[in-house]
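Worksheet: the structure to be examined is printed underneath.
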Amino acid sequence: ILLMAIIIIPNSLIHYVNKNRIFISALTLNILLKKIAIIYPPLKPYLFSSTGEACTFTRIYLNKIDIRQLDKNILLNEDDEITIVPAMIG
């Protein structure tokens, strides 16, 4: 059974998905990020570099833990929250 994760979309990216939360089922964090990029192509540059590596200017959190500290193949749990925080240019 695939569990549904909650992805929090910041105000600066809402225009790409037309909502502030999206719900996607996936077994692992890595699969979830790939699914987001497929379902919402405008978000892909915020998740992955042109070489397919994790984007360095966006912070992504799994339940408030920076995913750079986690194994990308970590299993997701029901109602896990993924927060996408793009860098702000000022």
Side-chain angles (χ1 to χ4, degrees):
I1 294 177
L2 295 179
L3 303 174
M4 194 70 70
I6 302 164
I7 299 90
I8 312 288
I9 305 297
N11 288 337
S12 61
L13 300 179
I14 286 177
H15 63 280
Y16 292 126
V17 299
N18 297 318
K19 51 190 115 179
N20 64 356
R21 291 174 187 257
I22 55 177
F23 302 87
I24 298 177
S25 59
L27 185 61
T28 68
L29 177 60
N30 192 40
I31 292 170
L32 177 75
L33 295 175
K34 289 178 181 178
K35 280 183 146 183
I36 294 169
I38 291 168
I39 297 168
Y40 300 99
L43 293 181
K44 185 175 181 177
Y46 295 94
L47 304 174
F48 300 102
S49 70
S50 60
T51 61
E53 299 297 317
C55 183
T56 58
F57 63 85
T58 301
R59 297 292 175 251
I60 301 172
Y61 299 90
L62 170 61
N63 301 322
K64 301 184 181 178
I65 300 170
D66 191 325
I67 67 165
R68 293 176 297 169
Q69 302 170 17
L70 301 172
D71 177 350
K72 302 305 179 282
N73 290 314
I74 188 170
L75 295 176
L76 296 176
N77 296 303
E78 184 74 22
D79 296 328
D80 274 346
E81 283 193 358
I82 311 313
T83 306
I84 301 170
V85 183
M88 302 302 288
I89 299 172

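A quick note: this is a predicted structure, and the numbers were derived from the prediction, not measured.
Partners of R59 according to the side chain to side chain donor-acceptor pair (under 3.5 Å) rule, which considers only residues two or more places apart in sequence or in another chain, do not exist here. Partners of K19 according to the side-chain contact (heavy atoms from CB on, under 4.5 Å) rule, which considers only residues two or more places apart in sequence or in another chain, are V17, I22, Y40. With sequence neighbours left out, N63 forms a side chain to side chain donor-acceptor pair (under 3.5 Å) with D80. With sequence neighbours excluded, the residues that form a side chain to side chain donor-acceptor pair (under 3.5 Å) with D66 are R68. Taking the side chain to side chain donor-acceptor pair (under 3.5 Å) definition, one finds that S49 meets it with T51, sequence neighbours left out.
What you find for L47 and A37 is that their closest heavy atoms are CD1-N, 4.0 Å.
If you take CD1 on I31 and OG1 on T28, they are separated by 3.5 Å, rounding to the nearest 0.5 Å. How far CG of N73 is from CG of L70: 11.5 Å, rounded to the nearest 0.5 Å. The distance from atom CG of L29 to atom CG of L75, rounded to the nearest 0.5 Å, is 10.5 Å. To the nearest 0.5 angstrom, I9 atom CD1 is 11.0 Å from N18 atom CG.
Taken together through direct or relayed side-chain contacts under 4.5 Å among Ile, Leu, Val, Met, Phe, Trp and Tyr, Y61 and L33 form parts of separate hydrophobic clusters. Note on M4: it does not cluster hydrophobically with L43, by side-chain heavy-atom contacts below 4.5 Å among ILVMFWY residues. Under a hydrophobic-cluster definition in which Ile, Leu, Val, Met, Phe, Trp and Tyr are linked whenever side-chain heavy atoms come within less than 4.5 Å, directly or via other members, Y16 and I24 are assigned to the same cluster. Cluster membership for I65 and L32, using ILVMFWY side-chain heavy atoms within less than 4.5 angstrom, is shared.
Through direct or relayed side-chain contacts under 4.5 Å between Ile, Leu, Val, Met, Phe, Trp and Tyr, I38 connects to no other residue.
Looking only at side-chain heavy atoms (C-beta outward), I7 and I84 come within less than 4.5 Å of each other. I8 places none of its side-chain heavy atoms less than 4.5 Å from the side chain of I82. Side-chain contact between N77 and D79 is absent, with no heavy atoms from C-beta onward closer than 4.5 Å. In this structure, the side chains of K44 and K34 stay at 4.5 Å or more apart for every pair of heavy atoms. The shortest distance between side-chain heavy atoms of P86 and Y46 falls below 4.5 Å.
A distance-only check finds a donor-acceptor pair linking the side chain of K72 to the backbone of I67 [under 3.5 Å]. Within the 3.5 Å criterion, the main-chain N or O of S25 finds a donor-acceptor partner in the side chain of K35.
Within a 6.0 Å radius of CG in N11, no more than 12 heavy atoms belonging to other residues, nucleotides or ligands are found.
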